[in-house]
Amino acid sequence: MPHDPDPPPAKKFKPGSVLFSLNQKKPGMLLPRKGNVSTPIDVQRKQLPIYQAKPQLLNQLRQLNNAILIGETGSGKTTQIPQYLYEAGIGRQGIIAITQPRRVAAISLAGRVAEEKRTQLGKLVGYTVRFEDVTSFETKIKFMTDGMLLREAIGDPLLLRYTIVVLDEAHERTVHTDVLFGVVKTAQRRRKELNKIPLKVLVMSATMDVDLFSEYFNKSPVLYLEGRQHPIQIYYTKQPQSDYLQAALVTIFQIHQEAPQSQDILVFMTGQEEIEALARTCRDIAKHLPDNCGPMVVIPLYASLPPVQQLRVFQPAPKGSRKVILSTNIAETSVTISGIKYVVDTGMVKAKRFSPESGLEVLAVQRVSKAQAWQRAGRAGREDSGSCYRLYTEDEFDNLIPMTVPEIQRCNLAGVMLQLMALGIPDVMNFDFMSKPSPEAVCSAVEHLELLGAVEKKDGQVVLTAVGKKMASFPLEPRYAKTILLSPEFSCSEEVISIVSLLSVDTVLYNPPARRDEVLAARKKFTSSEGDHMTLLHIYRAFKKVSGNKDWCRENFVNSRNMSLVKEVQAQLKEICLKLNLKLVSCGADTGSVRRCLAHGMFVNAAELQPDGTYLALDTHQPVAIHPSSVLFQAKPAYVVFNELLHTSRCYMRDLCLVDADWLLDAAPEYFGRKLHLSKS
DNA sequence: GAGCACTGC
């Protein structure tokens, strides 16, 4: 970590530091205020700025089949527009769907709108997210995750249950939203051709990508919504900062010494490790400040933090203390903290990139986009005016890319391509994406699906096979779906479903660094010399044996919340297997069958030990290494399959399973005949 | 002998 281990003493940070210059030219980013909780709901609804525009809006929306609605988050558009449409009788023949990138948003928005309509959630207003469907035949306003609508589209590509689809938070450009853009556009056109009830599509976004959206949806009109806004003062550094962590530290204490005690600070950083390190440094320095400085409460915030600790950011600091929250980009969208007066933006973010040639995912620290910088600044002005300290110069800001590259251009497309084919899209290679992924990425995805037997080429066209159709019915990465499909042949579908479920959640292992020896000792009894998959299976079996006992989880450093999620995923996968008439069978103690099955399903991710003790990935022939977190780290198996490659300090394989060369050859004779030969020569 | 941002079906 580049953080200076020996920070300067606190007295160096004098009021009036020369680190910053004030920028008056750019207007501050403006954000709305929340309604007063003690005001009756119908009065609150009328107080929203959007209420003024209601007649004109309805007039427009009645006529248009496409519209782009621009307004900041919370302008009331997400809760009000669906109600306006419903109340005006627009789209009454079917359901109004409103999609959200996140589950919590879909759930809480549905709750809010049901309250405003004074009905029970699940009647007129409902929501659908994975594992939860709170809707009924009465439901006319339905909030859902964008991924959920995409799943539904596989069974009903024309989305005939819906008369209006509202794609909210479109500016976030998640893979699911981007695929949905194409799906709704196609459905709209097809319904017109087939003389079905028309589909209205509304795209709601913050102030970005407007032209792109409008252009894509046949130059559809853009409607601007006013929000209630608070000005934000933007400051830039006078000089570029070579060490953004040092600059953050200086800035935090500069604000701490100058600003009233009750005003909180939110600092945007890149990851857990640097956040914990800066938290320690801040606490150390805060202890030795002069008496005129009040105490400081430093709170780290990142996704992998246990929920109880995440909740700490919402607790007000003790009277006279200042809250300083050190956060990843989780606080940009997912977690909204009230009372933030100051935002400190390092201008950096950790993000995943994908290289189609190597199939490699790289997680790297990089600069934010302008849009992201505005999003961060906006977090200072939710209730009142605020300030944002950017730890970079105005020139550097001007040179940032305007928009974050959409996820669809940064990810492995195998799953997306499979889904598009399952939707019956005729020419997936030329799908009408709003932002086209590179041809290389598309080709590499199709090749991957070809290897898995999900697609085949016929007369120059890529078509879905029967296997591919089955694979698409699983909410899984294609190779995991394939492994499940193969598992009955190896009489181990029970085991493989468990393993795939374990791999679908973040992690079931809890590894507090401070208790490393205890963790190792506790984990030893589950460790399998056959690899990480079998080790996970042992842990899961033990977990089930004690019926998910919380104490057992604590003693064994198992994340019980994620384990419960594993159970839900497992139930869902079993249900899909039943629908596909796949036999649920267990191989008992014959773990060899499980590994054989994994070898057959995951053969594209195989690596071979070389005479010099290193490994080569068999598909790309790049050198890879066993990740130290693997149970096989100290072993030297001749052949392994792995779940993923992660490029950090080296190119590491993660989650490994010991396999035989014969199994790989058996799984893909032609493919491996070539590969194994190549790597030996 | 490493260390992983954030979502979602």
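Scope of the values below: all heavy atoms of this structure, side chains included, with no hydrogens, waters or symmetry mates.
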Atom-to-atom span, [atom1] of [X] to [atom2] of [N] - whole angstrom:
| X | N | atom1 | atom2 | value |
| --- | --- | --- | --- | --- |
| A/R151 | B/dT7 | CZ | P | 20 Å |
| A/E273 | B/dA2 | CD | P | 12 Å |
| A/E132 | B/dC9 | CD | P | 10 Å |
| A/Q634 | B/dA2 | CD | P | 12 Å |
| A/D506 | B/dC6 | CG | C1' | 10 Å |
| A/D178 | B/dT7 | CG | P | 19 Å |
| A/E407 | B/dC9 | CD | P | 13 Å |
| A/I408 | B/dT7 | CD1 | P | 19 Å |

Report summary line: On DNA chain B, more 5' by nearest nucleotide between A/R650 and A/G147 is A/R650
Report task. Could you check A/K350 against A/Q100 and say which one's nearest nucleotide on DNA chain B is further toward the 5' end? Result ->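 Counting from the 5' end, the first nearest nucleotide belongs to A/K350.
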Select one nucleotide: of [options], the one nearest the side-chain heavy atoms of [X].
| X | options | result |
| --- | --- | --- |
| A/K352 | B/dC9, B/dC6, B/dA2 | B/dC6 |
| A/T145 | B/dG1, B/dC9, B/dA2 | B/dC9 |
| A/Y652 | B/dT7, B/dC9, B/dA2 | B/dA2 |

Report task. Using the six-membered ring of A/F397, assess whether NZ or CZ of A/R390 lies under 6.0 Å from its centre and within 45 degrees of the ring axis. Result ->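 Judged by the rule, A/R390 and A/F397 form a cation-pi pair.
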For [X], which contact category applies under a 4.0 Å heavy-atom criterion: base, sugar-phosphate, or nothing?
| X | result |
| --- | --- |
| A/Y302 | sugar-phosphate |
| A/R102 | sugar-phosphate |
| A/L646 | base |
| A/T328 | sugar-phosphate |
| A/V129 | sugar-phosphate |

Requested in this report: Give a yes/no answer on whether the side chain of A/R103 brings an N or O atom under 4.0 Å of OP1 or OP2 in B/dC9.
Outcome: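 So the side chain of A/R103 is within the cut-off, an N or O lying under 4.0 Å from OP1 or OP2 of B/dC9.
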Query - Presence of A/T333 side-chain N/O under 4.0 Å of B/dC6 phosphate oxygens OP1/OP2 - result: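 No, no such contact exists.
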Query raised in the report: Under a 4.0 Å N-O cut-off, is there an ion pair linking A/K142 with A/E152?
Result: yes
**Report entry** Ionic contact status for A/K185 with A/D432, cut-off 4.0 Å
**Finding:**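 Salt bridge flag = yes for A/K185 with A/D432.
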Requested in this report: State which residues pass side-chain contact (heavy atoms from CB on, under 4.5 Å) with A/R367; sequence neighbours excluded, sorted by chain then number.
Outcome: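 Testing A/R367 for side-chain contact (heavy atoms from CB on, under 4.5 Å), a comparison that skips the adjacent residues, returns A/M348, A/E396, A/L400.
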Query - By side-chain contact (heavy atoms from CB on, under 4.5 Å) - contacts of A/R650 (at least two apart) - result: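 For A/R650 the side-chain contact (heavy atoms from CB on, under 4.5 Å) partners, ignoring immediate neighbours, are A/A625, A/Y652.
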